[in-house]
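Side-chain atoms are counted along with the backbone in the values below, which use heavy atoms only and exclude waters and symmetry mates.
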Amino acid sequence: MSMKPVLLVIAHGSRDPRHAATVHALVRRVRSLRPDVRVETGFLDFNIPSVQGVLESLAAQGVRDVVALPLLLTRAFHAKADIPAVLKDAPPQLRIRQAEVLGPSPLLLSALERRLYEAGLTPADKSSTGVVLASAGSTDPEAIAVIAEIAREWRHTGWCAVRPAFASASLPRTEDAVSELRALGCERVAVAPYVLAPGFLPDRIARGAAEADVLADVLGAAPEVARVLLDRYEAARVPVLTAVGA
């Protein structure tokens, strides 16, 4: 049996079947990059298997070490409350370490640009294009501040302008950010969804992008996202392995 901890990817879950399909596609890419690591998927809501069910199954199989990785882009309520609560109820024989959320990361900015180029932009368009960094939104001030900081950082890579927008809980909305970039005089406006999988809020982002010139796809199973997952896993598993060897 491998001494590496099992990587448990914890996704939010959705009634929209595209959500789970995208999560599974991302996990398949992670497995292809690291065939030496066992990777499992659990959902907080709506989909199966549940996180609790996966943890109980792992314990029954004799697994002892798990890195639980929140499939989230910011440290909002799910990362701070929901997931720790679920992990607290895990079988006691499991040693679990919760990894950091995926964002922010330069790799995620690379994934956002990949999606924009796939949607029709080219690197030569950057200086004349305004970008809306459209996230799901949160009531957590820390999460909102992170999105705003990512937008500022991304602006410095050569875009005409970058504005954050939110599909829920915060303002501005995607359509308002599109209008603002038009008013600034950007030659074209692109919307880059800073979300991992399709669903209700990404659909709202898409509707808000109706007046934009370009709408990129969600981050999904982009190779950069898979690499971030593995980076977070490696950062979290070291203390676990130290405990094993103690």
Side-chain angles (χ1 to χ4, degrees), residues 12 14-16 18-19 22 71-78 101-222 224-225 228:
H12 183 274
S14 171
R15 293 185 178 91
D16 189 323
R18 297 174 298 168
H19 173 91
T22 302
L71 197 59
L72 300 167
L73 294 171
T74 59
R75 287 192 72 252
F77 181 79
H78 294 302
V101 297
L102 303 185
S105 167
L107 284 169
L108 294 178
L109 286 182
S110 297
L112 287 166
E113 295 207 357
R114 170 190 291 275
R115 294 302 188 222
L116 286 170
Y117 297 149
E118 289 171 350
L121 292 179
T122 70
D125 296 324
K126 289 184 76 166
S127 62
S128 57
T129 301
V131 179
V132 178
L133 179 69
S135 77
S138 173
T139 56
D140 188 308
E142 178 188 348
I144 298 304
V146 166
I147 299 298
E149 178 58 30
I150 292 169
R152 285 191 292 270
E153 179 183 335
W154 203 14
R155 163 68 182 84
H156 295 311
T157 66
W159 297 100
C160 172
V162 180
R163 293 289 184 273
F166 307 94
S168 69
S170 305
L171 295 173
R173 295 286 180 258
T174 300
E175 53 268 33
D176 299 325
V178 169
S179 298
E180 182 183 351
L181 290 171
R182 289 268 187 238
L184 280 175
C186 296
E187 189 175 311
R188 68 185 66 76
V189 176
V191 174
Y194 190 59
V195 293
L196 287 165
F200 176 75
L201 293 178
D203 284 349
R204 181 180 287 177
I205 290 171
R207 290 193 297 273
E211 299 301 318
D213 301 294
V214 173
L215 171 62
D217 200 357
V218 299
L219 294 172
E224 296 88 352
V225 179
V228 176

Peer 1: Grab the two heavy atoms, one from P193 and one from L215, that are nearest each other, plus how far apart they are.
Peer 2: CG-CD1, 4.1 Å
Peer 1: Side-chain contact test, heavy atoms from C-beta onward, threshold under 4.5 Å: evaluate it for W154 versus E113 and give yes or no.
Peer 2: yes
Peer 1: Go through the steps to decide whether L102 and L71 satisfy the test side chain to side chain contact (heavy atoms under 4.5 Å, CB included), and finish with yes or no.
Peer 2: CA-CA 7 Å; L102 303 185; L71 197 59; 3.9 Å; yes
Peer 1: Indicate the atoms forming the closest heavy-atom contact of A134 with V191, along with that distance.
Peer 2: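 A134 and V191 have their closest heavy atoms at CB-CG1, 4.0 Å.
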Peer 1: Taking all heavy atoms of S128 and all of R188, pick out the closest pair and write down the distance.
Peer 2: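 Reported closest heavy-atom pair: OG-NH1, 2.8 Å.
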Peer 1: Has E211 got more than 12 heavy atoms of other residues, nucleotides or ligands less than 6.0 Å from its CD?
Peer 2: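 Counting other residues, nucleotides and ligands, CD of E211 stays at 12 neighbours or fewer.
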Peer 1: Between D217 and R114, is the closest basic N to carboxylate O distance under 4.0 Å?
Peer 2: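 Result for this pair is no, no salt bridge flagged.
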Peer 1: Show your reasoning for whether side chain to side chain contact (heavy atoms under 4.5 Å, CB included) applies to F200 and D16.
Peer 2: CA-CA 8 Å; F200 176 75; D16 189 323; over 6 Å; no
Peer 1: Determine whether a donor-acceptor pair (N or O, by modelled atom type, separation under 3.5 Å) exists between the side chain of D125 and the backbone of T122.
Peer 2: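 Yes.
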Peer 1: Side chain to side chain contact (heavy atoms under 4.5 Å, CB included) for V195 and L201? Distances and angles first, verdict last.
Peer 2: CA-CA 9 Å; V195 293; L201 293 178; over 6 Å; no
Peer 1: Compare every heavy atom of R204 with every heavy atom of S168, then report the nearest pair and how far apart it is.
Peer 2: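 For S168 versus R204, the nearest heavy atoms are CB-NH1, 4.0 Å.
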Peer 1: In Å and rounded to the nearest 0.5 Å, what is the SG to NZ distance from C160 to K126?
Peer 2: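 Reported value, rounded in 0.5 Å steps: 12.5 Å.
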Peer 1: Distance alone, cut at 3.5 Å: any donor-acceptor contact between the side chains of D176 and S179?
Peer 2: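 On atom types as modelled, these side chains do not qualify, holding no pair under 3.5 Å.
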Peer 1: Which is it for L181 and L184 under the side chain to side chain contact (heavy atoms under 4.5 Å, CB included) test, yes or no, and what are the steps along the way?
Peer 2: CA-CA 5 Å; L181 290 171; L184 280 175; 4.0 Å; yes
Peer 1: Has the side chain of R173 got a donor or acceptor atom that lies under 3.5 Å from a matching backbone atom of F166?
Peer 2: yes
Peer 1: Has the side chain of S170 got a donor or acceptor atom that lies under 3.5 Å from a matching backbone atom of S138?
Peer 2: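 Checked: pair present.
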Peer 1: Which residue in the set V146, I150, L219 passes side chain to side chain contact (heavy atoms under 4.5 Å, CB included) when paired with L73?
Peer 2: L219
Peer 1: Does the R115 side chain pair with the main chain of A119, one donor and one acceptor, at a distance under 3.5 Å?
Peer 2: no
Peer 1: Please name the pair of heavy atoms, one in L196 and one in V218, separated by the smallest distance, quoted to 0.1 Å.
Peer 2: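 In terms of heavy atoms, the two residues are closest at O-CG2, 4.0 Å.
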Peer 1: Between D213 and A190 (side chain of the first, backbone of the second, donor and acceptor by atom type, cut-off under 3.5 Å), is there such a pair?
Peer 2: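 Pair absent, no side-chain N/O of D213 close to backbone of A190.
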Peer 1: Side chains of L112 and L133: does their closest heavy-atom pair fall under 4.5 Å?
Peer 2: yes
Peer 1: Do you know the tightest heavy-atom contact between S135 and I205?
Peer 2: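 Closest pair (atom of S135, atom of I205, distance): O-CD1, 3.9 Å.
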Peer 1: Nearest 0.5 Å please: distance from the CZ atom of R152 over to the CZ atom of R163.
Peer 2: 11.0 Å
